[in-house]
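Below: the structure, in C-alpha cells.
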Amino acid sequence: SSFTSIGNEYIRLNFDTNGFLVTVTADGMTRIINQEFVYYEGAIGNNREFRNRSSGAYIFRPARDQVRSISLQPKLKVYRGNLVEEVHQQFNEWVSQVVRVYRQQHYAEFEWLVGPIPVDDGKGKEIVSRFNSDINSGGIFYTDSNGREMLKRRRDHRDTWKVKLLEHTAGNYYPITTKIALEDENARMAILTDRAQGGSSMGAGSLELMVHRRLLHDDAFGVDEALNETAYGEGLVARGTHYLVVGSSNKRQSPTTHAIERFTQLRKLLPVWSFFSDAKNIAYDDWR
Amino acid sequence: DPHLSFMREMMGVMQHHDAVTGTEKQAVAADYARHLEVAIRACATNTKEVLNQLTVDTAVPASVTESGARERRWTTGPKKEYAFKFETCTLLNISSCAVPEQADKFILTLYNPLARTVSEFVRVPVPDVNYEVKDFDDVTMETQFLPVPTPVQDLNFRKSSALYELVFLANSLPPLGYKSFYITKTNGNRMKPVADPVNE
C-alpha cells in the first residue's frame, strides 16, 4: 500500500501519502487516529475589566475557538532497524516531530520540537498537538490528578453547578500532569505527557495537549510581562515527548490498557538516570 | 551534606506556585534554572562518591578511617584505584552530551530509581556510527544508529557535534540499582542510517 507503516507486534502506526498519521493498529483492532499540530491565536484584551484580559502567563484565552492548521503536508523520512522504527516529520520550519516505536513496547513515542514561534504578524500563538480518532467517546474524557486518580470530565459541563461557558475553549481546558484519555465500549486512547500541560477533548474522539505558547501582551494578573520567552534573541524552542497508548477498553483482558498506561507512565516519569564517565585510560578488562 | 542541603533548599524554592507553573518573570525563571543547574552540578560530587564506592570481590579490605566510618573505595585489588567522574548530562533531552561526543571510550552507568527491574532503550548522542557497547559480562549489545533530526530551527539552538543517536537495550536494570556499559569507538565502516523511500 502507499501507506508508510512503523510498529511492532503490539502497536502499528500508518502514515498516509500526505505525511500524516492516519490509523493505529493495536489489540487486534485498527482505529482511525490522526495527529496534527494546530494553534490558537492569543486574545488581546484591554485588560481594563476582568472579561477583557489578554491571553498570558496566568490565563489561556484564545481569540477565537477555531484553530489554525500548521501544515498541510509534512515531509517524511523513515528509518527502520531491529531496535526501533522512526518516522521523522517536518511540518514546517518551526514544527517537527519524530514518531518512534521501539521493539516489543506497547506505546508509540511522539517527540515534538516546536519553535521559534513566529510572531511577525503581531499575533501570539498557542501551539497544540491534537489526536483525532473514531473512538466514540461522546463528550467524556479523563484527565489525571497529579499523576494518580483519573477524573472524569464532560465537555461544556461541571458536576456541581449549571455552567454557562463564556470562553468555550478555555472553559474546557484542564491541567494534565501526566495523562489524558478517552474511550468507548471497544477502544481506549491515552496520551502520557513528559511534563504538565493544558489539555482537553474539544470534540468526540479528539484529545489535545498544549505544547508551547508565545504571547505578546501581559494579562494584567500581576507579572506585568508578556509570556514571550526568547533564547539567542529568537523565540524559545521547546522539545518534549508524548506517549500514545491505544488498546481495548475491555477491563477483563490482561494486561488491561490501563495497566499498560500505568507501567509506561512510571517508567517514563521516573526514568533511568544516565551517568557518563570518560574511560580514556582504563581498558575494558581492567574496567570489568 | 552541604551539596544535598543546597539541592533541598533549591527544590524548596521550586515549590512556589510561580516556579511550578512558570508564571514568574522571565528573569526569575532564568534564576530558578540557574540555581537548579548549580545544585545538580554540586550533587555530582555525591553521585561520584556513591558510585565510586562500588566494591568488587577482590576489594582490598575496607580500611577504617580515623572517624571510624568504614570507607570503601572502588578498588581492583592492591594495584590501582579508580575514581570515575560520573557526568550527568542536562542536555540529553536535546541529544547533546560532552563525554560521548568527545571520548573514544566511555562508560555509561544507568541508575534505575524504580523498585523493580526494568529494561530501557537508551539513546546516546554520538558524532559517528562506529561504536561497540559491552556489558560487564563481555556481552556485546545489539545497537542501532539513528540520525539526530536536525530541522531548520534546531541548527541555531543545539550546539552539539552529535549527528547520530546510538540506541541499545539496557536490559534487567536492577531495582534501585545500576548497571554500567563500556562503549568504545571502533574503526568499523558501519553503514550510516539511510531513510527508506516514502510514497508521497
Side-chain angles (χ1 to χ4, degrees), chain A residues 2-4 15 17-19 57-58 73 75-84 86 88 90 93-96 98 100 102-103 105 111 113 115-116 196 221-225 227-232 234 237 239-240 266-267 270-280 282 284 286-288, chain B residues 21-26 29 47 51 76 80 82 84-89 92-94 97 99-100 103-114 118 120-122 124 134 136 138 142-144 146-147 149 151-154 156-157 167-170 173 182 184 193-196 198-200:
Chain A
S2 57
F3 277 8
T4 299
F15 297 78
T17 51
N18 285 321
Y58 280 76
Q73 182 153 18
K75 297 228 166 314
L76 281 200
K77 280 186 185 169
V78 186
Y79 296 92
R80 297 181 200 284
N82 291 339
L83 301 179
V84 61
E86 296 191 349
H88 293 209
Q90 180 83 42
E93 67 281 357
W94 50 279
V95 179
S96 61
V98 178
R100 52 174 76 100
Y102 285 102
R103 185 175 69 190
Q105 303 302 305
E111 186 169 22
L113 182 73
F221 275 98
V223 78
D224 196 19
E225 209 176 78
L227 185 69
N228 182 3
E229 189 164 359
T230 60
Y232 305 102
E234 293 205 41
V237 176
R239 184 172 176 181
L266 204 55
R267 281 171 48 196
L270 289 173
V272 165
W273 297 8
S274 305
F275 297 100
F276 293 89
S277 314
D278 194 332
K280 55 178 166 292
I282 171 170
Y284 174 70
D286 284 352
W287 171 73
R288 278 185 79 196
Chain B
T21 59
T23 48
E24 70 281 33
K25 280 186 179 302
Q26 184 55 46
T47 311
L51 286 177
T76 52
K80 257 202 238 176
Y82 298 106
F84 288 114
K85 260 175 78 69
F86 288 88
E87 314 253 0
T88 50
C89 280
L92 261 187
N93 72 316
I94 59 170
C97 180
V99 170
D104 288 350
K105 296 185 288 184
F106 57 92
I107 296 152
L108 171 57
T109 301
L110 299 168
Y111 174 75
N112 167 19
L114 295 180
V118 294
E120 280 301 340
F121 283 94
V122 179
V124 180
K134 279 189 171 188
F136 57 84
D138 210 3
E142 183 181 4
T143 55
Q144 185 178 338
L146 289 135
V152 172
Q153 76 260 43
D154 209 22
N156 309 337
F157 290 89
V167 179
F168 69 93
L169 178 64
L173 297 173
Y182 192 91
T184 324
V194 176
D196 274 7
V198 170
N199 307 301
E200 301 227 348

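To find a chain, count down the sequence lines: A is the first, B the second, and so on, and within it residues start at 1.
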* **With A:Phe275 via ring-ring contact (aromatic ring centres under 6.0 Å, His included) - residues at least two apart** => none
* To do: Can you spot which of B:Asn112, B:Val118, B:Leu114 makes a side chain to side chain contact (heavy atoms under 4.5 Å, CB included) with A:Leu270?
  => B:Leu114
* Asked: Is there side-chain contact between B:Thr47 and A:Trp273, with at least one heavy-atom pair below 4.5 Å?
  -> no
* Structure fact -> Value for OG1 (B:Thr109) from CZ (A:Phe276), rounded to nearest 0.5 Å, stands at 9.5 Å
* Asked: What distance do A:Ile282 atom CD1 and B:Ile107 atom CD1 have between them, rounded to the nearest 0.5 Å?
  -> 5.5 Å
* To do: Please determine, among A:Phe15, A:Tyr232, A:Tyr58, the option with the most heavy-atom pairs under 4.5 Å with chain B.
  => A:Tyr58
* Asked: Does the side-chain contact (heavy atoms from CB on, under 4.5 Å) test come out yes or no for B:Gln144 and A:Arg103, once each step is laid out?
  -> CA-CA 12 Å; B:Gln144 185 178 338; A:Arg103 185 175 69 190; over 6 Å; no
* With a 4.5 Å limit on heavy-atom distance, are the side chains of A:Gln105 and B:Phe121 in contact? -> yes
* To do: Might you confirm whether atom NZ of A:Lys77 has over 12 heavy atoms from other residues, nucleotides or ligands at distances under 6.0 Å?
  => no
* Asked: Side chain, backbone, both or neither: which part of B:Val122 has a heavy atom under 4.5 Å from chain A?
  -> neither
* **Side-chain (A:Tyr284) to main-chain (B:Asp138) donor-acceptor, under 3.5 angstrom** => yes
* To do: Applying side chain to side chain contact (heavy atoms under 4.5 Å, CB included) between B:Leu146 and each of A:Val98, A:Val84, A:Leu83, report the one that passes.
  => A:Val84
* Asked: Do the non-hydrogen side-chain atoms of B:Thr23 and A:Val223 ever get within less than 4.5 Å of each other?
  -> no
* Structure fact -> Sorted by chain and residue number, the salt bridge (Lys or Arg N to Asp or Glu O under 4.0 Å) partners of A:Arg100 (sequence neighbours excluded) come out as A:Glu86, A:Glu109, A:Glu111
* To do: Identify which of A:His88, A:Glu225, A:Arg80 forms the greatest number of heavy-atom pairs closer than 4.5 Å to chain B.
  => A:Glu225
* To do: Please confirm whether the backbone N or O of A:Val272 pairs with a side-chain atom of B:Glu120, one donor and one acceptor, at under 3.5 Å?
  => no
* Structure fact -> Taking every heavy atom of A:Tyr102 against every heavy atom of B:Val167, the minimum-distance pair comes out as CE2-CG1, 4.0 Å
* Check whether A:Leu266 gets within reach of chain B through its side chain, its backbone, both or neither, counting any heavy atom under 4.5 Å. => both
* **Part of B:Leu108 within contact of chain A (heavy atom distance under 4.5 Å)** => both
* **Proximity breakdown for A:Asp224 and chain B, heavy-atom pairs closer than 4.5 Å** => both
* A:Arg239 versus B:Ile94, closest heavy-atom pair with distance -> NH1-CA, 2.9 Å
* Asked: B:Pro149 versus A:Leu113: any side-chain heavy-atom pair under 4.5 Å?
  -> no
* Check whether B:Thr184 gets within reach of chain A through its side chain, its backbone, both or neither, counting any heavy atom under 4.5 Å. => neither
